[in-house]
Structures are given as C-alpha cells and as structure tokens.
Novice: 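Supplied in structure tokens, the structure appears directly below.
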Amino acid sequence: MKKSILVLGAFIGLLATSCGKMLVVTPPNAIYDEQIQELLAQGGEQAEQIINSFASPLPKYFDLTNIAIGSGSANISTNTIQGINLMNSFQGNNLAYGCNATTTEEAYTGVTLYRLSNNLRNYIAPANGAHWYGYAYGMNQANLLLGYTKSLEKGNVYYKNDGAGRVVRAFCYMSLMEEYAPAYCNMTDPTAEDSGISLYKEYKPSQNAANPAKRSTAKETYEFIVGDLDTAITWFKNASVGYTKEDSQLEDIDLGVANFLKARAGLFIGDKKITTPKGEKSGWEICKEACDEIITNGGYDFIKAENWGSRIDASQPASTYECFPEKNAFVCVRKAVNPETILGYILGSTNTAGAIQNGILNIYGSYPESRYLMGRIDDRLYNKINDADCRKAAFVKDPITKLVYGSGSEIDMPSYCNVKFAARYGLTADGAGHTTADKAGDVEFCKFRYAEVVLMKAEAELALSGASAAKTALAGLIDARTSSALTVDTYMTALGMTDVKQFIKFNWDVEMWGENGAEYFVNKRMKVNIDRTGSAVHADAKGVNGDWNKWQDMTLAFPENEVLYNPNYAADATNTPAALN
C-alpha cells in the first residue's frame, strides 16, 4: 500500500561519522535507530558531531529541489520550491509571460499556470502534490533531527540544533497552511474541526497510513507553528545564535530567520487570536513583536538604489548592455551588495535549487531565446511607480532591439521586460563578475530579506495603531527607494491614494515583484482577485478558460495521496479546510 506523504515521506540518506563508521539513516529503522541512540547516549563530542551532521542539511528545506512530482524532474513548476513559488508569482496581476495566447506557446513551462488554464487546485491534479510533498519532506527531516536532539545535554549544541529543527518544521507546516488552507485571517471559524492539517510532532517509524494523525483545527496548527518558533528563539538566545552578520552566515538558521517566520505567521493570523507561550495574542501583535526584534537587533540595512536590480543605458547599443551581477542585489546576496539578506544562498551552495528564478526572469538567462518565459511587469503597475523611485529603473518600458546574450546571439525583447534579475555574465566564486557571457546562470538566491519585514511591520502597525504608525514604519523604505524628497505622504498624493493599506499593497507589489510567490500570498490574504483587464502586457484578462481568478480560489485541495491514504481526509475534490467569510 502507498504511504501517506505527510505521514512518512521519503528520506535523504544522512551520514554521521562516529568511531570511523558511517551511519546511513534512510529512514531510521529499529536497528539504525538503536545504533544511533547508543552512540548519542555516550554523550560528549561524538554525540554532538552526530547531531551536527543531521542538522547540516536543514537549510536546503527552504529551497528544496528534486521533488520530482507531476510531469517529471525537468519541470521547474513541480520539481523545486523555488520554481513552484515562481509559478505562483505568475498567477497574479503583476507578472506576465512574454507570450500571446496561441496553442504553440502552451508547451512552455508554466504557461498553463500563468493563463490559469491548469487548475492544480483540484486534488487529483498531477502538479498538486508537488506543493505538498516538499514541505512534508522537510517536516519529516526536522522531526527526525528533533527526535535525536532529546538525547543531548541542554547546552549550546542542543539549543542551536533543536532550535533549527523547530524553525524548519514551523516553516514547512506554515507553508502547507498557506497553500492548502484559506488565509487564517479570512477563515470564518479557525477553531472548526478539520480546518487545519495533521500535526506530526515526532517521527515514529511505526506510524503508517493505517494509523495517521487526525486533522487539527487551524487554530491548533498555528499555535503549534508559533510555539515552535518561540521555543527556537529562546533556544537561539541561550546559545548566543544571533543574526546574519557575515557572508559565511547567510545560510544559517538564526534569530533573523526565526523572527521572520514568526512575523509571517502573525501576518496570516491577522486580527484573530491564538494562545502562545507568552499568552493570548492577535496575529498583528505577534507580527509586530517579531518585526521589532529584527529591526531593533538585526543589523540589516536597505539595498542601495544603484543595486536594486540591474540598469541599462538605452542610449547605448543593446550589445553593450552589461548588467553586472556583482552590482545587482537580486543575483548577489552578499552583504556588500544586498545588506537585506536574512536567508540567502551563495554561489556553489549545495542547499539551493540554484538559478531557477534567474533562469526565467533574467533577460540573459537560459530561456529568454524563446521570448515566452521572461517576466514582464504589468504596465498598469509600472505606470504607477514614481519616476523618482529607483525600482522603476529595473523595468524597461520600450522594446529592446537585438539584445546580445550568450556567446553573441541576438534577440528582440518585448516592452516592459525586467532587468531586476538581469545578469549578463554571472558571478565568480569570490563574488566578482565573469568576463564571458556563458555564465549567466552563476547567480545567488535570496529567500528572505529585510524589506519584507518592513512591509509586514507596516501592516501590523496599521491594524494596531493606525495610519500614522504605519506611515512611520514605511518611511525608511520609501526614503531608501526614492531619490528625491518623496515621503510616504507625497508619494501617496502623487498616486491619488488616501488609504494607507492600499499604499502598503502597492509597495508589496513593486518591492517584492517576482520574488518567492509574494504577490500570490498577499492577494490571497488581502482578498485581491486576479483581473488583468486593461493590461497592455498580459495575454489573457482573466485566464484562458476562466477556471479560477478569485482570492477564494487560491487554496489547493489536499493532494491525492493524502485523500486516498489518510482516512481523516475527505475523498473529494473540494476537501479544503474551513469556510471563508
């Protein structure tokens, strides 16, 4: 019988060196588990080495690759978390493919998702399980580690690794809730039975599809998530694990990552309340607390205007557009270029899916010759960006004729293409730029960054203290992004906006354009429908078949394996938790 993905999952082989022997745990069975427990019971440096070896792969579960669900390992829309989130980004209003609505172009990766003609929300859709599997996989790996950390004495190695395991587990459960449940803040009753997902708090090799955990309520699920993050934050402080300060720490699971995820959890909880280790709190209170921790203690700074994406000089021939990667914060995550990086992956890291995002959105990337895959900004959003806003320069309004890429090939690029992720040459190992154009894929990837913290903080302040506090929270971001005397108030006036929430949404759209599915999840949370009517860039106003385009539709049904092999999940195509307002 097939096993439930969330119950068991597949496990990567982990190697722990001890007494000259290699222990292969894939997954633990009675013999391997007994051997490991015996070694851990001996304590000392040996036990710490074993735990460290189990913890070392944890950063990869934020950017997992080789998920291999659906149409195969070569399909980025089903094979990597980075690719899945990129495809989420295309299921919105702000990103467009460089294509028209023709049958031929349907063959390109992700076009059916962009055109809303592939409804992976159905539980039997082949691509659906990819959104579930990667996070279930990471959760199981975290539980495996947490089962072994219990054997350690309460010291720095325990606090650091147990905390990291909890952060990964919280991230995986939160990601499942964001994909497979309505946004918590929009639920009619988050205490309703089966409004959440099954919670597995420890790994049990004997637990199988015949005895899976029942589904929890959404409230119980988020209380578990926030509880894990609060514990991890305490553990990190006990072990003096701080915030990302050096390039060598960019992949560390630290206080920055833990508080970032806690803030995001609070954002999705919103005005509803949950019970935390520190008492009953609203999501806004949780979000603000975590953002304040990062802003006050993290030491992060805003990306300089000249590093917010690449730039082109339209007065020069397209063959001379350089787009140096070492000057672009979205392809170089190192502190000198991107001081906002909270979690990022340096070139050559074994913990990342690599240049998936860059390969699609970089005009010099591995796919632009098709002219169908590069990301273009919706002209309606572009036209709202103030000319004094440095972010506008990362998009090119006019077509580019005979852009030279690769080893000398030429391509005509359409209007409104982005150079936010442009890198003609790619990076070298030391962070400099290559001098040959065949290395455009040698770039780095930022998963979480500081500007998102500021946007989360602004939302929380608006809900808790009003418009003035929200404007104060946004002031630093607007000051960093504008080259004139623009303020939050004058920018809003120029846009004709009086609603601060609308201005926050505008900045989510511009600031996080193309990153980690941000628009998709903001739209889902803020109740924003997909409507491309009036756009000069989008191929379809509301999707080629109109399968879905409402914020209520931005929830996937539990995938087929869970429906068929977990008796606690209803076997139908509408098995999504909790009714909406």
Side-chain angles (χ1 to χ4, degrees), residues 8-62 64 136-173 199-207 224 227-244 246 248-258 261 277 343 349-351:
L8 290 181
F11 285 82
I12 292 176
L14 298 178
L15 302 180
T17 304
S18 173
C19 301
K21 298 179 180 178
M22 300 295 279
L23 302 177
V24 183
V25 185
T26 331
N29 57 32
I31 297 175
Y32 293 138
D33 184 61
E34 181 178 328
Q35 291 174 334
I36 294 169
Q37 294 291 359
E38 288 177 358
L39 292 169
L40 290 173
Q42 297 174 26
E45 184 177 347
Q46 174 178 266
E48 293 180 354
Q49 288 177 346
I50 292 172
I51 294 299
N52 285 334
S53 69
F54 275 95
S56 63
L58 288 178
K60 73 172 57 178
Y61 303 120
F62 295 99
L64 190 65
Y137 186 90
M139 178 278 297
N140 274 316
Q141 291 295 85
N143 273 343
L144 174 62
L145 169 67
L146 292 170
Y148 291 135
T149 57
K150 294 176 182 178
S151 301
L152 289 180
E153 294 181 2
K154 299 296 191 292
N156 282 358
V157 173
Y158 169 83
Y159 290 130
K160 178 181 178 180
N161 291 306
D162 193 83
R166 290 174 184 275
V167 170
V168 169
R169 183 168 67 181
F171 165 76
C172 292
Y173 273 121
L199 293 174
Y200 293 92
K201 302 179 181 181
E202 58 183 356
Y203 181 79
K204 293 182 178 179
S206 60
Q207 189 163 257
F224 181 64
D228 254 355
L229 293 170
D230 271 330
T231 299
I233 289 167
T234 299
W235 283 179
F236 287 160
K237 290 179 178 178
N238 287 350
S240 298
V241 174
Y243 293 83
T244 303
E246 308 292 339
S248 61
Q249 300 172 326
L250 290 173
E251 291 183 24
D252 287 0
I253 301 173
D254 57 15
L255 279 175
V257 177
L261 294 175
L343 179 67
S349 169
T350 60
N351 291 324

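Note that the structure is a prediction, hence the values are computed from the model and not measured.
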Novice: Would you say the ring centers of Phe171 and Phe62 fall short of 6.0 Å from each other?
Specialist: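 Yes; Phe62 has its ring centre under 6.0 Å from that of Phe171.
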Novice: Looking at every non-hydrogen atom in both residues, tell me the closest pair between Ala258 and Val167 and how far apart they are.
Specialist: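 For Ala258 and Val167, the tightest heavy-atom pair comes out as CB-CG2, 3.9 Å.
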Novice: Report the C-alpha distance between Ile50 and Tyr148 in whole Å, list the side-chain angles of each, state the deciding distance to 0.1 Å, and finish with yes or no for side-chain contact (heavy atoms from CB on, under 4.5 Å).
Specialist: CA-CA 9 Å; Ile50 292 172; Tyr148 291 135; over 6 Å; no
Novice: If I take atom CD1 from residue Ile253 and atom CG from residue Leu58, how far apart are they, to the nearest 0.5 angstrom?
Specialist: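 If we round to the nearest 0.5 Å, Ile253:CD1 and Leu58:CG are 4.5 Å apart.
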Novice: Which atom names give the shortest non-hydrogen contact between Ser151 and Leu40, and what distance separates them?
Specialist: CB-CB, 3.8 Å
Novice: Can any side-chain N or O of Tyr173 pair as donor or acceptor with the backbone N or O of Tyr200 at less than 3.5 Å?
Specialist: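 Yes, Tyr173 side chain to Tyr200 backbone: donor-acceptor pair under 3.5 Å.
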Novice: For Ser349, enumerate each residue passing the side-chain hydrogen bond (donor to acceptor under 3.5 Å, both in side chains) test, keeping only those at least two apart in sequence or located in another chain.
Specialist: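 Per chain and number, Ser349 pairs via side-chain hydrogen bond (donor to acceptor under 3.5 Å, both in side chains) with Glu251.
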Novice: Search all heavy atoms of Gly163 against all heavy atoms of Ala232 and return the closest pair with its distance.
Specialist: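 That would be O-CB, 3.4 Å.
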Novice: After noting the C-alpha distance and the side-chain angles of Arg169 and Asn143, does the key distance pass the side-chain contact (heavy atoms from CB on, under 4.5 Å) rule?
Specialist: CA-CA 7 Å; Arg169 183 168 67 181; Asn143 273 343; 2.7 Å; yes
Novice: Atom CG in Asn351, atom CG in Leu343: separation rounded to 0.5 Å?
Specialist: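 Separation between the atoms: 9.5 Å.
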Novice: Restricting to non-hydrogen atoms, name the atom on Ala142 and the atom on Gly165 that form the minimum distance, rounded to 0.1 Å.
Specialist: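 Answer, listing the atom of Ala142 first, then Gly165: CB-O, 3.4 Å.
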Novice: Kindly list each side-chain donor-acceptor pair under 3.5 angstrom involving residues 235-243, sequence neighbours excluded, with atom names and distances?
Specialist:
{"unit_1": "Trp235", "atom_1": "NE1", "unit_2": "Asp162", "atom_2": "OD2", "d": "2.9"}
{"unit_1": "Tyr243", "atom_1": "OH", "unit_2": "Asn259", "atom_2": "ND2", "d": "3.3"}
{"unit_1": "Tyr243", "atom_1": "OH", "unit_2": "Glu293", "atom_2": "O", "d": "3.4"}

Novice: Without placing hydrogens or testing angles, list every side-chain donor-acceptor pair under 3.5 Å for residues 152-161, not counting sequence neighbours.
Specialist:
{"unit_1": "Asn161", "atom_1": "ND2", "unit_2": "Asn52", "atom_2": "OD1", "d": "2.9"}
{"unit_1": "Asn161", "atom_1": "ND2", "unit_2": "Val157", "atom_2": "O", "d": "2.9"}

Novice: Begin from the C-alpha positions of Thr350 and Lys60 and carry the test side-chain contact (heavy atoms from CB on, under 4.5 Å) through to its verdict.
Specialist: CA-CA 8 Å; Thr350 60; Lys60 73 172 57 178; 6.0 Å; no
Novice: Return yes if a side-chain donor-acceptor contact under 3.5 Å exists between Glu45 and Gln49, otherwise no.
Specialist: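 Glu45 vs Gln49: donor-acceptor pair found between side chains.
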Novice: Hey, are the side chains of Val257 and Leu261 touching, using non-hydrogen atoms and a 4.5 Å cut-off?
Specialist: yes
Novice: Considering residues at least two apart in sequence or located in another chain, which fulfil the side-chain hydrogen bond (donor to acceptor under 3.5 Å, both in side chains) criterion with Gln249?
Specialist: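 With sequence neighbours excluded, Gln249 shows a side-chain hydrogen bond (donor to acceptor under 3.5 Å, both in side chains) to no residue whatsoever.
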Novice: Which heavy atom in Leu145 sits nearest to a heavy atom in Ile51, and how many Å separate them?
Specialist: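 Closest approach of Leu145 to Ile51, heavy atoms only: CD1-O, 3.9 Å.
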Novice: I need the Phe224 CZ to Arg166 CZ distance, nearest 0.5 Å.
Specialist: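 Reported value, rounded in 0.5 Å steps: 7.5 Å.
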Novice: Can you give me the closest heavy-atom contact between Pro57 and Ser53, atom names plus distance?
Specialist: CD-O, 3.5 Å
Novice: Tell me every residue that passes side-chain hydrogen bond (donor to acceptor under 3.5 Å, both in side chains) with Thr231, counting only those two or more places apart in sequence or in another chain.
Specialist: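 side-chain hydrogen bond (donor to acceptor under 3.5 Å, both in side chains) check on Thr231 returns nothing, list empty.
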Novice: Would you say that Leu146 contacts Glu202 through its side chain, given a criterion of any heavy-atom pair below 4.5 Å between the two side chains?
Specialist: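 Counting from C-beta outward, Leu146 and Glu202 never come under 4.5 Å.
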Novice: Tell me, please, which residues at least two apart from Asp252 pass salt bridge (charged side-chain N to carboxylate O under 4.0 Å, His left out).
Specialist: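 Residues passing salt bridge (charged side-chain N to carboxylate O under 4.0 Å, His left out) with Asp252: none at all.
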